[in-house]
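Let me begin by presenting the structure, written as structure tokens, before commenting on it.
Residues: numbered from 1 along the sequence shown. Just so you know, ligand 1 is whichever comes first in the structure, and atom 1 is the first atom listed for that ligand.
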Amino acid sequence: MMWKNIAGFSKAAAAARTHGSRRCFSTAIPGPCIVHKRGADILHDPWFNKDTGFPLTERDRLGIRGLLPPRVMTCEQQYDRFIESFRSLERNTAGQPENVVSLAKWRILNRLHDRNETLYYRVLIDNIKDFAPIIYTPTVGLVCQNYSGLYRRPRGMYFSAKDKGEMMSMIYNWPAQQVDMIVITDGSRILGLGDLGVQGIGIPIGKLDMYVAAAGINPQRVLPIMLDVGTNNEKLLQNDLYLGVRQPRLEGEEYLEIIDEFMEAAFTRWPKAVVQFEDFQAKWAFETLDRYRKKFCMFNDDVQGTAGVALAGLLGTVRAQGRPLSDFVNQKIVVVGAGSAGLGVTKMAVQAVARMAGISEIDATKNFYLIDKDGLVTTERTKLDPGAVLFAKNPAEIREGASIVEVVKKVRPHVLLGLSGVGGIFNEEVLKAMRESDSCKPAIFAMSNPTLNAECTAVDAFKHAGGNIVFASGSPFENVELDNGKVGHVNQANNMYLFPGIGLGTLLSGARIVTDGMLQAASECLASYMTDEEVQKGILYPSINNIRHITAEVGAAVLRAAVTDDIAEGHGDVGPKDLGHMSKEDTVNYITRNMWFPVYSPLVHEK
Ligand SMILES: NC(=O)C1=CN([C@@H]2O[C@H](COP(=O)(O)OP(=O)(O)OC[C@H]3O[C@@H](n4cnc5c(N)ncnc54)[C@H](O)[C@@H]3O)[C@@H](O)[C@H]2O)C=CC1
Ligand SMILES: CC(=O)C(=O)O
Ligand SMILES: [Mg+2]
């Protein structure tokens, strides 16, 4: 039976989990790195630059002696120097408005990213809990909103509506021979911030930073892509500084032709790459997923990654209630937001109920209630979104268009889950209504990003819905001190717990598509990661400090599912038979061995 591993979290896995940062600078000499440039060009290339870290012999070999101050610093000294500047910036900006401080922190990290990627990823990996909120949600949202003004140096590639017919040659302008992971957006739905046009490039950059930090994808092999097909954001179109194509978004066939051309070009040059679609407006998220998922190695993070993370959390809430997992089939779940994320989550959760209860998907929808901007979705709805048809309720049960509070009062759900992008929509009245939930531990998931778009804050959730709730949000909040002296634990229900492992496991399996089985395995693995003790305290997801370990486990689960689905073609020297013979533990070791880790490699110049 599926989910059988969940309650019995393995002791070996628990022992392997590291807590807190593990800052250790190995003295082992890493393998060489071949470079095709010399002199000042090396210093200006963040992939190879070591700043003051170049040993003197290397300075001689690469023709950079005299181009740097004479003192040679170790990576550890450079690391300490950066952290000291960062802490000093924190002290100097104390008391200033939050946005100002966040952008200042982003700038200092971004400057390092642009200068020396090895050191950048080293500080990011070792301080992921502090830095993820800057390079990822919530600050990345602010960065996208201000991108045209913040822009200094190019990162990633831009394909615009003006490049039609040119993409097959343009793709060869990218300097790296090999690309493993591509994250692509068209900027049409950036977090909960709407259409940000070309400025949405910040999202693929942030997601790929997480790929490097969590999955150990080599930063020389990642490629952020912006497909600029115009924007319908009037403010941006009127802004003289706006860096994108100043035209309304392409629609219909014209739009699809641009994406088709990009996909053909990317897979012609890098047939083994994995492409993650990110932050496309719902209609294109579903359409492109349908169009490409059997043809290319791709997945949609908002639809599929989010679904897996949410499902893992929903199963955690059943365990938190002290109920057996089989009780998931009886949980009443209200989902607010019927877009790419909300529909993806509802679909995967319904499929899980159908499998667990051995019933049809239609029957499995009984306990799910879907609400969009027009209220509860029922069969009475005119212009019902095809993706929502399965979940539409009979209006005899609750009226068409019923509000969130009406639905919560009537249904008394176990879970209230928000993916609406609307900040504060779980207001006091809604949260208080959750006190009447049929669950002994009602769950509130305010999953929209960034922070201001969360359906409620953690403080409000515990204050109005009660101290016994389980709480999760898409962007981080601090834990809440409760009146009874206990801690209200805040979980971060974010697809960052899955997409790095989905990408890495797919890549190392050599699968040419991403199957439902692989995605389900990823979700099951995350769900089983937590111990019963943790879950009973309301801790549904692991600490982000463990993200590399989680990703190795998720990646292994994905790879093994690819083997089961008979689509694993192998990677590098490791063939499909080798993968097939690996035990679970061998697979985790194989994944871990293939994770890149930032160390200064000796640079060897080759013409
Ligand atoms: N935590 C996570 O890992 C993830 C969070 N998200 C967040 O989810 C949010 C939604 O993303 P998408 O589904 O892609 O957007 P979307 O634009 O496709 O869907 C938004 C949905 O919310 C509904 N909605 C809007 N106003 C509403 C209201 N007042 N009451 C009820 N429903 C309302 C809309 O009708 C629509 O169905 C965003 O804020 C995004 O950041 C998305 C993916 C992952
Ligand atoms: C986390 C994420 O993918 C989103 O908010 O869109
Ligand atoms: Mg997203």
Side-chain angles (χ1 to χ4, degrees), residues 132-133 136-138 140-141 144 183-196 200 202-204 206-207 210 276-287 289 299-313 334-348 369-377 381 383-385 387-388 391 401-408 416-427 430 445-455 472-477 491-500 502 523 526 541:
Y136 190 61
T137 184
V140 71
C144 289
V183 177
I184 178 171
T185 189
D186 69 354
S188 55
R189 190 289 276 148
I190 293 300
L191 307 177
L193 304 169
D195 179 353
L196 294 183
I203 291 292
K207 292 273 176 184
M210 292 302 286
Q276 171 169 325
F277 275 58
E278 193 68 49
D279 289 9
F280 283 70
Q281 58 182 309
K283 66 174 178 181
W284 293 129
F286 291 119
E287 171 95 30
L289 184 57
F299 67 100
N300 184 298
D301 181 39
D302 299 295
V303 178
Q304 298 167 302
T306 313
V309 165
L311 179 56
V334 173
V335 177
V336 181
S340 63
L343 285 178
V345 168
T346 313
K347 191 168 162 202
M348 194 172 190
Y369 299 78
L370 191 62
I371 297 177
D372 70 2
K373 64 177 183 344
D374 300 318
L376 181 73
V377 177
R381 177 75 61 99
K383 287 201 191 148
L384 188 56
D385 180 335
F391 317 115
S403 67
I404 304 174
V405 74
E406 251 178 289
V407 176
V408 169
L416 176 63
L417 187 151
L419 281 162
S420 65
V422 184
I425 200 170
F426 295 170
N427 56 26
V430 170
F445 284 57
M447 288 181 69
S448 290
N449 298 313
T451 314
L452 283 178
N453 296 65
E455 283 75 8
S473 52
S475 295
F477 283 103
N491 296 281
Q492 192 175 356
N494 191 294
N495 50 31
M496 70 182 179
Y497 282 115
L498 284 193
F499 70 76
I502 295 172
S523 179
L526 179 61
Y541 298 101

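Neither the backbone nor the side chain of Ala285 has a heavy atom within less than 4.0 Å of ligand 1. Counting heavy atoms closer than 4.0 Å to ligand 1, residue Met496 contributes nothing at all. Contacts between Thr306 and ligand 1 below 4.0 angstrom, taking non-hydrogen atoms only, involve the side chain exclusively. Here Asp279 has no heavy atoms under 4.0 Å from ligand 1, in either its backbone or its side chain. Residue Asp374 does not touch ligand 1, judged by heavy-atom distances below 4.0 Å.
For Asn449, the side-chain hydrogen bond (donor to acceptor under 3.5 Å, both in side chains) criterion is met by Ser475, not counting sequence neighbours. Judged as a ring pair (Phe, Tyr, Trp, His ring centres under 6.0 Å), and not counting sequence neighbours, the contacts of Phe499 are Tyr211.
Of all protein heavy atoms, the one lying nearest to atom 8 (O) of ligand 1 is Leu419 CD2, 3.4 Å. Nearest protein heavy-atom contact of atom 31 (C) of ligand 1 is Asp372 O, 3.2 Å. At the shortest separation from atom 9 (C) of ligand 1 among protein heavy atoms lies Ser448 OG, 3.5 Å. Distance from atom 14 (O) of ligand 1 to its nearest protein heavy atom, with residue and atom name: Ser340 OG, 2.5 Å. Remark: minimum distance from atom 5 (C) of ligand 1 to any protein heavy atom is reached at Met447 O, 3.2 Å. The protein atom (non-hydrogen) at minimum distance from atom 26 (N) of ligand 1 is Val422 CG2, 3.3 Å. Scanning all protein heavy atoms for the shortest distance to atom 3 (O) of ligand 1 gives Asn495 N, 2.9 Å.
From Arg189, atom CZ reaches atom CZ of Phe280 across 11.0 Å, with rounding to the nearest 0.5 Å. Considering CG of Asp279 and CG of Leu196, their distance stands at 9.5 Å, rounded to 0.5 Å. Taking CG of Asp301 as the reference point, atom CE of Met496 lies at 11.5 Å (rounded to 0.5 Å).
Residue Ile425 has at least one heavy-atom neighbour below 4.0 Å for each of these atoms of ligand 1: 28 (C), 29 (N), 30 (N), 31 (C). Close approach to Gly337 involves these atoms of ligand 1, each under 4.0 Å from a residue heavy atom: 21 (C), 22 (O), 23 (C), 37 (O). Of all atoms in ligand 1, numbered sequentially from 1 with element shown, those under 4.0 Å from a heavy atom of Val336 are 31 (C). Those atoms of ligand 1 with a heavy atom of Gly339 less than 4.0 angstrom away are 13 (O), 16 (P), 18 (O), 19 (O), 21 (C), 36 (C), 37 (O). Near Gly192, the atoms of ligand 1 lying under 4.0 angstrom from a non-hydrogen atom of the residue are 38 (C), 39 (O), 41 (O). Annotation for ligand 1: atoms under 4.0 Å from non-hydrogen atoms of Ala341 are 12 (P), 13 (O), 14 (O), 42 (C), 43 (C). In summary, the atoms of ligand 1 found under 4.0 Å from a heavy atom of Leu191, numbered by their order in the structure, are 38 (C), 39 (O), 40 (C), 41 (O). Shown in contact with Gly474 at under 4.0 Å from a heavy atom are these atoms of ligand 1, numbered in order with element: 1 (N).
Looking at Arg189, Gln281, Gln492, Lys373 and measuring to atom 15 (O) of ligand 1, the nearest heavy atom belongs to Arg189. Residue nearest to atom 36 (C) of ligand 1, selected from Ala338, Ser420, Gly344: Ala338 (by heavy-atom distance).
Considering backbone and side-chain N/O of Ile404, none are found under 3.5 Å from N/O of ligand 1.
Taking 4.5 Å as the limit, every side-chain heavy atom of Leu343 sits out of range of all side-chain heavy atoms of Val335. Here the side chains of Val303 and Phe277 are not in contact, with every heavy-atom distance at 4.5 Å or above. Between Gln492 and Phe477 there is no side-chain heavy-atom pair separated by less than 4.5 Å. The shortest distance between side-chain heavy atoms of Tyr541 and Leu526 falls below 4.5 Å. Taking 4.5 Å as the limit, every side-chain heavy atom of Ile502 sits out of range of all side-chain heavy atoms of Gln304. Looking only at side-chain heavy atoms (C-beta outward), Glu406 and Ile371 stay at 4.5 Å or farther from each other. In this structure, the side chains of Lys207 and Asn495 come closer than 4.5 Å at one or more pairs of heavy atoms. Side chains of Val309 and Asn494 form no contact here, defined as non-hydrogen atoms less than 4.5 Å apart.
A side-chain contact (heavy atoms from CB on, under 4.5 Å) with Val336 holds for exactly one of Leu417, Val407, Leu416; it is Leu416. Partner of Leu191 under the side-chain contact (heavy atoms from CB on, under 4.5 Å) criterion, out of Ile203, Leu452, Asn453: Ile203 alone.
Within the structure, the closest approach of Asn453 to ligand 1 does not fall below 4.0 Å when heavy atoms are considered. At least one heavy atom of Asp302 sits closer than 4.0 Å to an atom of ligand 1.
If you look at the Mg ion (ligand 3), the protein N, O or S atoms less than 2.8 Å from it are Glu278 OE2, Asp279 OD1, Asp302 OD1.
For the residue pair Thr185/Glu278, the side-chain donor-acceptor check at 3.5 Å is not satisfied.
For Arg381 and Asp372, the salt-bridge test passes: some basic side-chain N is under 4.0 Å from an acidic carboxylate O.
Residues with a heavy atom under 4.0 Å from ligand 2: Tyr136, Arg189, Leu191, Lys207, Glu278, Asp279, Asp301, Asp302, Asn449, Asn494, Asn495.
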